[in-house]
Amino acid sequence: MDETQDQDYSSSLPEVSLSRDDSVRSYSNAQINRGTGMSGLKKRGHGSRSWIKIGNDGNFETVRLDKATIMRNCSLPSRDLRLLDPMFIYPSAILGREKAIVVNLEQIRCIITADEVILMNSLDGSVGQYRSELCSRLKNEKADDLPFEIRALELALELTCTSLDAQVNELEMEIYPVLDELASSISTLNLERVRRFKGHLLALTQRVQKVRDEIEHLMDDDGDMAEMCLTEKKRRSDTYTINDCFQTNASGRVISKSAPASPERTTSGVQMLQRAFSSIGNSSKHGSSMVSSDNGERIEPLEMLLEAYFVVIDNTLNTLLSLKEYIDDTEDFINIKLGNIQNQLIQFELLLTAATLVAAVFTAVAGVFGMNFETTVFDYPSGFNLVLVITGIACIALYFALLFYFRYKKVLAA
């Protein structure tokens with residue numbers, strides 16, 4: 001008996017070990033698949049996309065760039081590039097950074113630097129129009145005094161404002177006949193069409209309002225406009241780099257900073273610190289007196305450009321608001337018209353109720369005298385007819401009395 005139990009126990013051991021091996025193998029496969037999925041997500045998150053690079057000479061090329069390369073070359077954070085990602089839906093925005101301007105205006109999503117425009121490649125017609133128009137202007141308008149980044153931003157604003165204005169005009173041409181038809185003939189079909197147009201109008205108003213607010217925000221902040229003057233900042237940076245490469249000693253000789261200092265000319269750390277503080281103080285005094293006028297001169301062309309397109313987009317927004325007011329007026333007119341019809345129905349119901357009451361009185365009198373009971377009225381051959389005539393006259397008088405009372409109480413129109 002013990003030998004049989006030992007054999008059974010020993011025979012069950014391989015099955016247990018086999019099941020454990022299967023569970024370990026399945027767990028390892030799940031971890032591998034999970035790692036593969038996570039790596040695939042990471043690859044998709046950092047994958048390259050198709051971009052159009054437009055140089056300041058008007059030439060362009062289509063390249064594939066990943067997010068890390070753009071962030072490194074343009075000194076942009078990852079959150080700025082999310083504005084340009086077509087997988088996300090963000091409102092319109094214009095951001096001025098140290099070395100680039102991030103533009104997200106409707107379908108035009110690009111990064112503008114001092115030397116080139118990196119445009120998100122897309123099948124949308126606005127992208128192709130922006131590329132062709134910018135290349136044409138850069139090649140044909142060489143004498144333009146505006147910097148490259150302002151010309152690129154101007155074209156983006158122009159195409160965006162033109163596109164929004166065209167959509168508003170198209171909606172205006174479609175919605176006015178529908179509203180006029182609804183005012184004259186209230187039907188379910190016309191109400192559905194107006195509801196659909198109103199939803200489109202609200203969405204378009206939000207888009208136009210966002211572009212207007214973004215331009216107004218830039219106009220109100222001189223610092224943001226100064227950040228967008230990339231050509232001037234690059235020129236100053238190059239000038240500072242050249243000036244920092246050399247310094248003039250007390251005797252007027254130019255000494256390279258990279259050259260080793262002679263032991264005789266070496267100053268102590270305290271003297272160097274004092275010179276540094278004095279130079280910082282002098283530069284701060286000089287900078288505070290010149291910064292306001294200098295910034296005003298730098299941002300003046302950009303401010304005039306933004307003001308021009310602010311007027312355009314504000315006019316478009318006013319058109320949308322006028323159209324919305326016309327829709328609200330039409331809705332009010334329809335509600336008044338429906339209220340009037342409802343009042344007429346109530347008046348007709350009141351007249352019908354009064355007539356029903358009078359008819360019920362006449363029917364009750366006729367029914368009472370139609371019963372088999374003894375009364376002196378039946379002694380005359382025309383007695384019952386006389387009762388009916390008197391009852392009818394009384395009911396008619398009651399009906400007109402009710403009408404007079406209703407008109408006296410102004411329940412019915414006179």
Side-chain angles (χ1 to χ4, degrees), residues 70-71 74-85 88-106 108-119 130 144-165 205-237 239-240 283-318 321:
I70 298 176
M71 291 170 58
C74 301
S75 300
L76 293 175
S78 178
R79 62 178 178 272
D80 289 347
L81 293 183
R82 282 198 295 269
L83 294 174
L84 308 179
D85 197 337
F88 299 98
I89 300 176
Y90 285 99
S92 299
I94 303 175
L95 305 177
R97 295 295 183 250
E98 181 65 26
K99 295 182 179 180
I101 302 174
V102 181
V103 178
N104 177 22
L105 294 175
E106 295 296 318
I108 301 176
R109 303 181 179 186
C110 62
I111 301 172
I112 303 174
T113 64
D115 301 323
E116 62 183 4
V117 174
I118 305 176
L119 178 65
Y130 179 83
D144 199 342
D145 296 333
L146 292 176
F148 170 75
E149 67 274 7
I150 297 183
R151 297 174 66 183
L153 179 61
E154 177 187 7
L155 181 58
L157 290 172
E158 178 183 345
L159 293 180
T160 302
C161 294
T162 303
S163 175
L164 291 175
D165 188 66
T205 303
Q206 292 178 357
R207 290 160 54 193
V208 174
Q209 181 72 46
K210 181 58 182 176
V211 175
R212 179 189 178 277
D213 292 343
E214 195 67 25
I215 297 176
E216 186 178 12
H217 172 72
L218 292 175
M219 292 171 54
D220 294 339
D221 195 338
D222 293 344
D224 289 344
M225 287 191 288
E227 284 290 331
M228 298 170 66
C229 299
L230 303 179
T231 302
E232 182 67 19
K233 289 196 298 184
K234 183 180 179 182
R235 184 185 64 81
R236 292 193 175 192
S237 177
T239 304
Y240 292 155
S283 62
S284 62
K285 291 178 182 178
H286 179 71
S288 61
S289 62
M290 297 293 293
V291 64
S292 58
S293 60
D294 192 12
N295 285 337
E297 293 178 358
R298 283 194 300 164
I299 67 177
E300 184 178 359
L302 180 58
E303 187 174 5
M304 294 177 63
L305 173 69
L306 293 176
E307 286 179 357
Y309 286 101
F310 179 79
V311 173
V312 175
I313 200 68
D314 188 65
N315 186 25
T316 304
L317 181 61
N318 291 333
L321 295 178

Does the pair E232 and R235 meet the rule for a salt bridge (Lys or Arg N to Asp or Glu O under 4.0 Å), with working shown? CA-CA 5 Å; E232 182 67 19; R235 184 185 64 81; 2.4 Å; yes
Worked verdict on V312 versus D165 for side-chain contact (heavy atoms from CB on, under 4.5 Å): CA-CA 9 Å; V312 175; D165 188 66; 5.8 Å; no
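- Between E158 and Y309, the shortest heavy-atom contact is CB-OH, 3.3 Å.
- Put simply, the side chain of I94 reaches to within 4.5 Å of the side chain of M228, judged on heavy atoms.
- Within the 3.5 Å criterion, the main-chain N or O of T160 finds no donor-acceptor partner in the side chain of E106.
- For Y130 (side chain) and A152 (main-chain N/O), a donor-acceptor pair under 3.5 Å exists by modelled atom type.
- Between the CD atom in E227 and the CG atom in L218 there is a gap of 11.5 Å [rounded to 0.5 Å].
- Considering I299, L305, D220 as possible partners of M225, the one that fulfils the side-chain contact (heavy atoms from CB on, under 4.5 Å) test is I299.
- Within the 4.5 Å cutoff, side-chain heavy atoms of L157 are placed close to those of I215.
- Listed by chain and number, the residues in a side-chain hydrogen bond (donor to acceptor under 3.5 Å, both in side chains) with S92 amount to none (sequence neighbours excluded).
- Shortest non-hydrogen contact noted between P77 and M71 is C-CE, 4.3 Å.
- Here the closest heavy-atom approach between residue L230 and residue R97 is recorded as CD2-O, 3.9 Å.
- Between F310 and M219 the shortest heavy-atom distance is CB-SD, 3.8 Å.
- Evaluation of the side chain to side chain contact (heavy atoms under 4.5 Å, CB included) rule for N315 yields T319 as partners, not counting sequence neighbours.
- For the pair V102 and L83, the tightest heavy-atom approach, listed with the atom from each and the gap, is CG1-CD1, 4.4 Å.
- The closest side-chain heavy-atom distance from I313 to L317 is not below 4.5 Å.
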Test log, rule side-chain contact (heavy atoms from CB on, under 4.5 Å), inputs D80 and C74: CA-CA 11 Å; D80 289 347; C74 301; over 6 Å; no
Might you work through the side-chain contact (heavy atoms from CB on, under 4.5 Å) test for L95 and L76, ending with a clear yes or no? CA-CA 11 Å; L95 305 177; L76 293 175; over 6 Å; no
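- F148 and T231 get closest at one heavy-atom pair: N-OG1, 4.1 Å.
- Using modelled atom types, one side-chain atom of K233 and one backbone atom of E98 make a donor-acceptor pair closer than 3.5 Å.
- A search for side-chain hydrogen bond (donor to acceptor under 3.5 Å, both in side chains) contacts involving D115 returns K234, not counting sequence neighbours.
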